[in-house]
Number of protein chains: 2
Amino acid sequence: MNIYDIAELAGVSIATVSRVVNDSPKVSEKTKARVRAIMEENHYTPNVFARGLGLNSMKTVGIICPDVSDDYMAGSVAYLEKSLRTYGYDCILYCSGYQYQDKVNAVELILQKRIDALLLVGSNYAGDGEEASTKYIARAAREVPVFLINGYIHCKGVYCVLSDNYQIMYDTVCALTEAGRKRILFLYDSNSYSAAEKMRGYEEALRDNDLPVRKELEIFEENKILKVRDRLLEQEDLEFDAVVATDDGLAVGAVKYARQKGLSVPEDINIIGFNNSELAVCCEPELSSIDSRSEMLCKTAVDSMMMVLNGHPVRHKKTIPCCFVKRRTTNF
Amino acid sequence: MNIYDIAELAGVSIATVSRVVNDSPKVSEKTKARVRAIMEENHYTPNVFARGLGLNSMKTVGIICPDVSDDYMAGSVAYLEKSLRTYGYDCILYCSGYQYQDKVNAVELILQKRIDALLLVGSNYAGDGEEASTKYIARAAREVPVFLINGYIHCKGVYCVLSDNYQIMYDTVCALTEAGRKRILFLYDSNSYSAAEKMRGYEEALRDNDLPVRKELEIFEENKILKVRDRLLEQEDLEFDAVVATDDGLAVGAVKYARQKGLSVPEDINIIGFNNSELAVCCEPELSSIDSRSEMLCKTAVDSMMMVLNGHPVRHKKTIPCCFVKRRTTNF
DNA sequence: ACATTTAATGTAAGCCCTTACATTTTTGAC
DNA sequence: GTCAAAAATGTAAGGGCTTACATTAAATGT
């Protein structure tokens with residue numbers, strides 16, 4: 001059942017059928033109705049491939065994310081997919097992994113699918129890796145508009161939406177110091193742009209409150225909970241009265257550490273997670289966390305995308321403020 | 001840059017170029033090498049649309065899941081995507097939501113994409129909804145092979161891979177009764193086929209151990225943790241000395257309930273979750289759980305799919321055993 | 001060296017749409 | 001009732017690939 005069959009049945013030309021399919025204003029309502037009826041009757045749906053060939057687009061956007069099994073990214077992908085679908089776009093998903101080369105391959109492969117736009121969920125590398133990630137992202141941007149969620153590079157055709165990680169971390173650490181905390185541990189799990197921004201906020205807040213930035217208080221550990229707990233237990237001489245983490249899993253590890261050490265939370269140690277995930281409410285005591293408002297980020301990204309795809313100008317960087325969610329691991 | 005350009009540059013016909021692209025054995029290695037070199041040089045990649053038109057396939061499989069932001073499904077999707085990619089297939093993701101009509105729409109829409117196969121992650125409805133879900137799944141199966149992960153219907157073209165929820169639940173409840181537990185609460189969060197199987201295992205184990213099946217001990221609550229905790233706190237007259245749940249979130253709720261009530265776990269109450277998610281290790285005390293070996297399920301599904309797509313016969317139902325993961329909320 | 005397979009390549013007919021341009025029909029002004 | 005302008009429809013040329021079939025080149029046998 002193709003366009004010719006429908007044209008024949010409806011007694012019109014294929015051009016007219018095509019116009020009906022695309023709801024072109026150049027067809028009288030009368031014929032539109034008639035052709036539509038016939039399409040329904042015969043369960044006709046246009047062949048997407050032929051359509052793609054003609055239009056050079058299949059209303060599809062690519063989503064690359066390092067790992068959808070990660071809670072935070074899964075939430076983003078879920079929202080993005082639903083949202084894009086309301087605009088009539090399908091999503092091709094690519095879980096790239098975290099390695100640089102894998103990401104490059106992902107971009108290369110997904111571009112072959114002639115997607116209309118590309119969404120990169122999860123941050124690009126900061127510091128040393130920055131230049132490299134700029135390169136492959138720029139490569140993609142030469143073909144289609146690219147949208148970074150929680151990442152930032154400056155490049156034509158790349159649009160970035162990020163939560164204001166710097167600011168919230170700055171504010172949070174200030175609040176901790178004002179509450180009298182002096183030795184604040186910073187737990188982080190990646191070298192992404194977002195994590196770097198969080199660290200920047202942490203360090204500047206310390207400086208502005210006349211506290212020293214101690215490198216031994218900045219701990220990198222990408223495995224969550226148990227690994228973090230054990231890691232902290234090992235470092236016997238390490239003293240701290242507060243923890244801020246770049247992810248809830250890390251913070252829960254700190255809570256487990258405190259329990260094992262016989263320290264009470266929040267009295268002895270204040271602990272603050274990030275992302276406000278289900279782990280935060282699962283944790284005992286329930287974990288104070290920072291909500292990065294991922295749905296808002298995603299919504300903003302999708303809105304921007306629709307603007308760009310419709311030829312409207314869009315700002316290349318948009319920042320969304322985070323908010324602190326007080327639970328029981330803090331006492332300010 | 002299209003196939004004609006390459007043909008011209010290589011001094012061969014487009015047919016030959018096409019054969020090189022498809023690695024046909026009908027081309028001499030010499031020309032293959034030459035043509036490949038030229039394709040590389042010119043960054044040629046075949047147009048997927050034209051390709052799809054000709055082959056009527058784009059090496060794409062559809063994945064429909066109610067909600068990727070769910071931990072368990074996210075894990076499955078991540079694994080499926082990675083695994084399918086190694087076979088050269090891309091994935092179109094559709095998060096349908098849990099409503100019947102939404103699932104029907106999802107199937108309808110995703111079929112228009114001329115996918116090569118369809119993966120349904122997350123269970124179909126059991127009981128009343130069973131017939132209905134059979135209908136739309138059968139509809140899909142008329143167009144492409146369909147693979148259900150953790151669901152079961154009997155229908156031509158539908159291949160089911162499920163964990164042995166009945167058996168593990170039966171065994172677990174037996175173990176609890178043997179450890180002297182008499183009033184075992186069954187917490188469930190959906191009316192899916194999987195949940196129904198779990199309940200069947202639960203009830204039969206009770207019967208086989210001469211314990212009554214009390215309907216007041218079967219509690220349905222789809223919201224996790226806090227909602228479950230509060231729900232249990234409300235039911236003041238409800239007594240139980242063990243809990244089995246169809247999901248870790250529910251079980252964590254039960255743990256929170258016990259803590260609030262001043263009951264100790266596992267002494268006063270044994271609690272067992274399902275899915276062995278991150279919540280289980282986050283929970284305090286760490287939650288014993290059942291691992292449904294979702295990766296194994298997914299692997300089996302993908303293997304089956306490749307068999308089917310290559311025209312080999314495959315069993316319509318495959319069952320994967322689960323395994324119990326002992327942590328600190330049980331004492332047997 | 002010549003006939004006969006077999007391997008390698010080429011030709012051309014689809015696959016099913018979109019759309020610029022050409023043609024026909026309708027509308028409205030006079 | 002004309003005629004010009006506007007609206008509706010049709011014609012036909014792609015778009016880039018696959019593949020059956022036709023053709024030519026290479027390999028094998030005698």
Side-chain angles (χ1 to χ4, degrees), chain A residues 1-39 42-60 88 90 109 111-116 143-144 309, chain B residues 1-40 42-60 88 90 111-116 143-144 309:
Chain A
M1 191 46 59
N2 62 26
I3 202 172
Y4 291 93
D5 300 326
I6 299 297
E8 174 114 38
L9 289 171
V12 295
S13 70
I14 58 163
T16 300
V17 176
S18 174
R19 290 189 188 108
V20 172
V21 167
N22 293 293
D23 201 15
S24 153
K26 297 178 152 190
V27 182
S28 70
E29 287 305 324
K30 222 164 81 187
T31 27
K32 256 188 197 175
R34 188 157 45 91
V35 173
R36 286 215 178 101
I38 290 175
M39 295 195 304
N42 299 73
H43 302 109
Y44 167 73
T45 46
N47 180 309
V48 276
F49 301 141
R51 204 117 193 274
L53 235 200
L55 295 169
N56 206 37
S57 147
M58 218 167 71
K59 287 267 239 174
T60 301
D90 282 287
L109 266 177
L111 284 178
Q112 290 182 14
K113 290 289 164 170
R114 313 257 163 162
I115 50 180
D116 296 304
E143 311 251 332
V144 291
L309 290 177
Chain B
M1 191 44 60
N2 62 25
I3 202 172
Y4 291 93
D5 300 327
I6 299 296
E8 174 115 38
L9 289 169
V12 296
S13 70
I14 58 162
T16 300
V17 177
S18 174
R19 291 189 188 106
V20 171
V21 168
N22 294 291
D23 201 16
S24 154
K26 299 179 149 188
V27 181
S28 71
E29 288 304 325
K30 222 164 81 186
T31 28
K32 255 187 199 177
R34 189 157 44 90
V35 173
R36 286 215 179 101
I38 290 175
M39 295 196 303
E40 291 264 314
N42 298 74
H43 301 108
Y44 167 74
T45 46
N47 180 310
V48 276
F49 301 142
R51 205 117 191 273
L53 235 199
L55 295 169
N56 207 37
S57 146
M58 219 167 71
K59 288 266 240 173
T60 301
D90 282 286
L111 285 178
Q112 290 182 13
K113 289 290 163 168
R114 314 258 163 162
I115 50 179
D116 296 304
E143 311 251 332
V144 292
L309 289 178

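What's counted below: heavy atoms across the whole structure, side chains too, no hydrogens, waters or symmetry copies. Note on naming: letters A, B, ... go to the chains in the order of the sequence lines (proteins, then strands), and numbering restarts at 1 for each one.
For DNA chain D, the residues of residues 18-32 of chain B within the heavy-atom distance limit of 4.0 Å (strictly under) are B:Ser18, B:Arg19, B:Asn22, sorted by number. Using a 4.0 Å cutoff on non-hydrogen atoms, the parts of residues 44-55 of chain A near DNA chain D are A:Ala50, A:Leu53, ordered by number.
Distance CD1 (A:Ile3) to P (C:dG14): 19 Å, rounded to an integer number of Å. Computed from coordinates, the B:Asp5 CG to D:dG16 P distance equals 9 Å when rounded to whole Å. As a whole-Å value, the separation of B:Met58 CE from D:dT18 P is 13 Å. D:dG14 atom C1' lies 12 Å from atom CG of B:Asn2, rounded to whole Å. The CD1 atom of B:Ile14 sits 14 Å away from the C1' atom of D:dA20 (whole-angstrom rounding). Separating the CE atom of A:Met39 from the C1' atom of C:dC16 is a distance of 15 Å, rounded to the nearest angstrom. Atom NZ of B:Lys59 and atom C1' of D:dC17 are 17 Å apart (whole Å).
Across all their heavy atoms, B:Val144 and B:Leu111 have their closest contact at CG2-CD2, 4.0 Å. The two atoms that bring A:Ser13 and A:Ala7 nearest to each other are C-CB, 3.8 Å, heavy atoms only. Scanning all heavy atoms of the two residues, the minimum distance from B:Ile14 to B:Ile3 falls at O-CD1, 3.5 Å.
Judged by distance alone, the side chain of A:Asn22 and the main-chain N or O of A:Ser24 form no donor-acceptor pair under 3.5 Å. Listed for the A:Arg114 side chain is no donor-acceptor partner under 3.5 Å among the backbone atoms of A:Asn56. Using a distance-only test at 3.5 Å, with no hydrogens or angles considered, no donor-acceptor pair links the side chain of B:Asp5 to the main chain of B:Glu8. A donor-acceptor distance shorter than 3.5 angstrom exists from the side chain of A:Arg34 to the backbone of A:Ala10, with no hydrogens or angles considered. Judged by distance alone, with hydrogens and angles left aside, the side-chain atoms of A:Lys59 form no donor-acceptor pair with the main-chain N or O of A:Gly52 at under 3.5 Å.
Within 4.0 Å (heavy atoms only), B:Val17 reaches no atom of the nucleic acid at all.
One finds a salt bridge joining A:Lys113 and B:Asp90 here, because a Lys/Arg side-chain nitrogen approaches an Asp/Glu carboxylate oxygen to under 4.0 Å.
Counting atom types as modelled, B:Tyr4 pairs a side-chain N or O with a base atom of D:dC17 as donor and acceptor under 3.5 Å.
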